[in-house]
2 protein chains.
Amino acid sequence: MHSQNLINIITDALPSLNKSESKVAQVILSDPDAATRSSIATLAKKAGVSEPSVNRFCKRFDAAGFPDFKLKLAKSLVSGIRFVNRNVDPNDDVDGYTPKIFDSTINNLALVRDKISHSRVNQVVDKLIQAKRIYFFGLGASGSVARDAENKFFRFNLPVSCHDDVLMQRMLASTGTTGDVFFIISHTGRTKEVVEVAEIARANGSTVIGLTAPKSPLADISSVTLDVEVPENTDEYMPMTSRIVHLVILDVLATGVTLRRGPEFLPHLEKIKNSLKPTRYSKDN
Amino acid sequence: MHSQNLINIITDALPSLNKSESKVAQVILSDPDAATRSSIATLAKKAGVSEPSVNRFCKRFDAAGFPDFKLKLAKSLVSGIRFVNRNVDPNDDVDGYTPKIFDSTINNLALVRDKISHSRVNQVVDKLIQAKRIYFFGLGASGSVARDAENKFFRFNLPVSCHDDVLMQRMLASTGTTGDVFFIISHTGRTKEVVEVAEIARANGSTVIGLTAPKSPLADISSVTLDVEVPENTDEYMPMTSRIVHLVILDVLATGVTLRRGPEFLPHLEKIKNSLKPTRYSKDN
DNA sequence: CAGTTAATGAAAGATTCTTACAAATTGGGC
DNA sequence: GCCCAATTTGTAAGAATCTTTCATTAACTG
């Protein structure tokens, strides 16, 4: 549905462009927003090329013509990566890095939104609904994701727990049986301990759901895998976004479970919500 | 920076439109995406009105003309609230709720990105840099956010800890002194226990940073507040997005601290990263 | 360096959009 | 119910914008 960001596509294609095409690209990349507002004549003049060159440029990037190109460009400018270089620069100040980090997170979410397999989501919801018990496992940064999952899923009146201790994980995995679901969260999917825990769990007939990188050892051994492909952060300054993506996916799963439970389950959720009221200062003071 | 969604604006204006204008509105709202791709003639025909009527319609909604209108409409369709009703519907299936949850998260992030005070972020980075000790406090869902923060900030070689136990929080707050930073995370900012802990900490001369809702009791008592205004989720099916926003803000802060530390700090981060290598299966097998 | 291929732009043509103006409709006021 | 003013709507011409064709120029190859 969503393709990659047009601006990135143009940037990537830059080296393979010929003279006039690259002139056009330069002008567009230097101020994409202005480009969406100008006519083909204006843009051609600014780039020092003819109108047909601009038109050809547009067609090269899978647009029907110039107007269509402007439309696609405009779409690329919203919310996604909004500028050519969105990496945090060592010289950035607050005004620099703050929006960049938001943008890169947003961008990754949009990517996963368009790539995630809905049928897999459905499968996982199935497993969670049928589970006798659910364990959320994670280490390091994924530990807090697991914890958040626990905090979300206990609401479904199911025996849920979360563990970020390798030994606990091992022991629980080894005592698991059919009907137990081990939901294992791992950014890389290559941490040995985690993979071993998954192996143990499966050997005992439990269901293992992996929220992890595609084609990783953990993905291979899981009963169902929710692949999340988030680009590795080679940039030292950029935070790891996969945690955030994992959390949103867990939100999706929780919503899926709620919907399956049907409307007669809502009062239960309401009760939990209300239980917290006495702990709060009321809003009108 | 971000204006309100065009589709919502049109929907709201619907009752005040005259006959042909509302015909145009109907056609656009029924399939906004198609509208961005069609010519004024096509659209006019579909709506059963003349071309100038469509043109007038566009101008009524602050567009220079039809092409400009299409551009603005296209922007409205991306990433943000992409449709009239983006709430999860009890009858939604996976294909329905999955993108909706991503979209609503993305939308909230974009909102906060455009609203967050950069000078506040800078102030908080200052405090964190100067801190002798940092405590991250949170309860419930904010507990796992605090935990994530700990996992991020220990890398700075500072005494950092996180606590989700009210009694621990109280005790630590009461023993805090000048130079200690209590970073308190709370969605509502109205949980009594949390506010009291903040009061105790301040009374002892510690710095309290509140990552919470604006104008809340916690915000009032904090030394510095990072306001996060995320719409209350009245919808039973929609997850709480503030956690995610909080995490991204903590990412921003961590980046701010890293940058302040300067490039000579990078080897330290690298060391931590490398320490995990032996725990992983290598990538080429 | 000739011959071929690719790249580019001029100009005409097609399409799309906008404007001016006239016709039609609507809504009071008598 | 009828007239007049105000508003709404459409026709048609005109303007702007975009696309195509084709000739020219540049680049590459043996």
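These figures come from a predicted structure and were not determined experimentally. Order of the sequence lines sets the chain letters (A, B, ...), proteins ahead of strands, with each chain counted from 1.
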Atom pair distance, as rounded to whole Å: CG in L43(A) and P in dT17(D):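 Distance check: L43(A) CG to dT17(D) P gives 13 Å.
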
Distance, rounded to the nearest Å, where K70(B) contributes NZ and dT17(D) contributes C1': 12 Å

Sequence neighbours excluded - ring pair (Phe, Tyr, Trp, His ring centres under 6.0 Å) pairs with any residue from residues 33-56 of chain A: none

Restricting to salt bridge (Lys or Arg N to Asp or Glu O under 4.0 Å), what partner residues turn up for [X], sequence neighbours left out?
| X | answer |
| --- | --- |
| D68(A) | K72(A) |
| R261(B) | none |
| D220(A) | none |

Strand-adjacent residues in residues 16-23 of chain A, judged by heavy atoms under 4.0 Å from DNA chain D: K19(A)

Nucleotide interval of DNA chain C bounded by contacts with chain B (heavy-atom cut-off, under 4.0 Å):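 Answer, 5' to 3': dC17(C) to dT26(C).
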
S53(B) side chain near dG10(D) phosphate (N/O to OP1/OP2, under 4.0 Å):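 Result: yes.
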
Non-neighbouring partners of S117(B) that pass side-chain hydrogen bond (donor to acceptor under 3.5 Å, both in side chains), sequence neighbours left out: S119(B)

side-chain hydrogen bond (donor to acceptor under 3.5 Å, both in side chains) partners for D95(A), two or more places apart: H118(B)

Angle by which the axis turns from one end of the helix from dC1(C)-dG30(D) to dC30(C)-dG1(D) to the other, five pairs per end, to 10 degrees: 20°

Counterpart residues, ring-ring contact (aromatic ring centres under 6.0 Å, His included), relative to F69(B) (two or more places apart): F57(B)

Let me check something: any side-chain donor-acceptor pairs from residues 19-26 of chain A under 3.5 Å, sequence neighbours excluded? List them with distances.
residue, atom, partner, partner atom, Å
E21(A), OE1, N18(A), N, 3.4
E21(A), OE1, N18(A), ND2, 3.3
E21(A), OE1, R60(A), NE, 3.1
E21(A), OE2, R60(A), NE, 3.1
S22(A), OG, K19(A), O, 3.2

[X]/[Y] ion pair, N-O < 4.0 Å:
| X | Y | value |
| --- | --- | --- |
| K115(B) | D227(B) | no |
| D31(B) | R37(B) | no |
| D251(A) | R243(B) | yes |

More than 12 heavy atoms of other groups within 6.0 Å of E51(A) CD: yes

Residue Q123(A) excluded, over 12 heavy atoms near CD under 6.0 Å: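 For Q123(A), atom CD is crowded (more than 12 foreign heavy atoms under 6.0 Å).
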
Detail all sub-3.5 Å separations between protein N/O atoms and N/O atoms belonging to nucleotides 19-21 of chain D.
residue, atom, partner, partner atom, Å
dT19(D), OP1, F66(A), N, 3.4
dT19(D), OP2, N55(A), ND2, 2.2
dT19(D), OP2, F66(A), N, 3.0
dT19(D), O5', N55(A), ND2, 3.3
dT20(D), OP2, K59(A), NZ, 2.2

